[in-house]
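Fair warning: this is a prediction, and the values are worked out from it, not measured in the lab. Naming convention: chains lettered A, B, ... in sequence-line order (proteins, then strands); numbering from 1 in each chain.
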There are 2 protein chains.
Amino acid sequence: MHNEVMESGGSGEELVVAFEQLVRYVRQVNTAGGLSTAASSALGRLGREGPQRLTELARAEGVSQPAMTQLVTRMERDGLVRRVASTDDRRCVLVESTDSGADLVRRRRSERAEALERLMERLDPKERTAVVIALPALARLVQAEASD
Amino acid sequence: MHNEVMESGGSGEELVVAFEQLVRYVRQVNTAGGLSTAASSALGRLGREGPQRLTELARAEGVSQPAMTQLVTRMERDGLVRRVASTDDRRCVLVESTDSGADLVRRRRSERAEALERLMERLDPKERTAVVIALPALARLVQAEASD
DNA sequence: TATTGTTATACTCTATAACTATA
DNA sequence: TATAGTTATAGAGTATAACAATA
């Protein structure tokens with residue numbers, strides 16, 4: 001990248017190291033709360049987008065079909081989702097969030113939002129503004145990347 | 001958080017969702033290159049900070065001692081690190097990066113830096129500046145959090 | 001007795017290959 | 001034959017508990 005911003009201060013490598021530290025931290029905080037990253041992500045998607053076929057969910061989450069079968073099995077065992085047989089195509093399985101699963105996602109998300117907000121109180125206003133702009137921008141980028 | 005920035009546009013919850021998407025994406029890209037997140041992080045640390053005792057490395061990486069024993073065993077098997085017996089305290093094991101391990105970290109880091117730079121070319125200048133400010137600021141926060 | 005590291009065991013998450021049931 | 005999902009198997013990564021060796 002050839003612009004003043006990248007050349008002064010924030011090299012790609014420095015940003016990558018920063019990013020790696022962030023990811024590491026988030027993973028640790030994430031796993032602490034009793035819901036794994038994989039479960040949290042899949043359950044969040046089911047909450048946002050409604051019931052989905054297992055294959056569709058696997059593709060959306062970027063994992064293999066067997067991996068999703070097993071994740072759904074664990075989440076079903078824990079009462080977070082249920083499998084619903086499709087009436088028209090009997091090969092298909094619809095996965096839907098239970099009330100308890102949806103509650104758990106909501107609770108965790110608000111806990112984490114609070115934790116992030118507490119963290120961000122330690123930033124100065126300029127940095128805070130930067131975070132509010134940067135995170136959605138980056139998320140938009142990777143979303144575009146994922147659908148390539 | 002009670003300020004204009006958080007109230008207008010970037011709620012904590014939206015930012016958390018954005019963050020989760022980023023983490024998910026980075027993990028996938030990360031794992032693709034043949035070096036796991038755990039190995040990459042530990043190896044990067046050994047490169048930056050030099051040889052360390054196994055317990056120290058485990059604490060720094062935020063994992064248990066047995067987890068680090070096993071990670072080091074796998075990395076040693078793959079020729080990325082070596083165990084060096086300590087002469088003064090014979091209970092201790094020093095873990096150090098091999099040349100091949102250090103090379104791999106350097107190569108991967110520059111690949112990822114390039115990937116990030118290519119991604120960031122799609123942002124407008126304002127967003128790009130925001131990312132360059134936000135990532136190091138957040139990394140600094142979680143580093144402070146980790147040492148609490 | 002305390003510390004360092006390993007081994008034993010168990011769980012989550014992931015993949016590929018082989019399989020079953022339905023279309 | 002093709003598609004949806006499961007089962008079988010293997011490996012990484014994690015944890016706690018029990019252990020060995022050294023201090």
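- Within 6.0 Å of the CG atom in D99(B), the count of heavy atoms belonging to other residues, nucleotides or ligands does not exceed 12.
- Residue contacts shown for T55(A) are limited to sugar-phosphate atoms, with no base heavy atom under 4.0 Å away.
- Remark: S64(A) is in phosphate contact with dA15(C), judged by side-chain N or O atoms under 4.0 Å from OP1 or OP2.
- As a whole-Å value, the separation of Q70(B) CD from dT6(C) P is 10 Å.
- No hydrogens or angles were tested; on distance alone, a donor-acceptor pair under 3.5 Å links the side chain of R91(B) to the base of dT3(C).
- When the C1' atom of dT7(D) is taken as reference, atom CD of Q65(A) falls 12 Å away, rounded to whole Å.
- A salt bridge links R45(B) and E61(B); the closest N-O separation between the charged side-chain nitrogens and carboxylate oxygens is under 4.0 Å.
- Between the CG atom of L57(B) and the P atom of dG5(C) there is a distance of 10 Å, rounded to whole Å.
- Of the possible polar contacts, one joining the E127(A) side chain to the D124(A) backbone as a donor-acceptor pair under 3.5 Å is found.
- Here dT12(C) is the nucleotide among dA17(C), dT12(C), dA15(D) with the atom lying nearest to any side-chain atom of R74(A).
- For R53(A) and dA4(D), the CZ to P distance is 5 Å, given to the nearest whole Å.
- Residue contacts shown for D78(B) are absent, as no nucleic acid heavy atom lies under 4.0 Å away.
- Distance CZ (R59(A)) to C1' (dA4(D)): 13 Å, rounded to an integer number of Å.
- dG5(D) atom C1' lies 13 Å from atom CD of E76(A), rounded to whole Å.
- Close to dT12(C), at under 4.0 Å from its OP1 or OP2, lies a side-chain N or O of R77(A).
- One atom, CD of E56(B), and another, C1' of dT4(C), lie 13 Å apart when rounded to the nearest Å.
- The only option from L71(A), V72(A), T73(A) that meets the side chain to side chain contact (heavy atoms under 4.5 Å, CB included) definition with T69(A) turns out to be T73(A).
- Distance CE (M68(A)) to P (dG5(D)): 11 Å, rounded to an integer number of Å.
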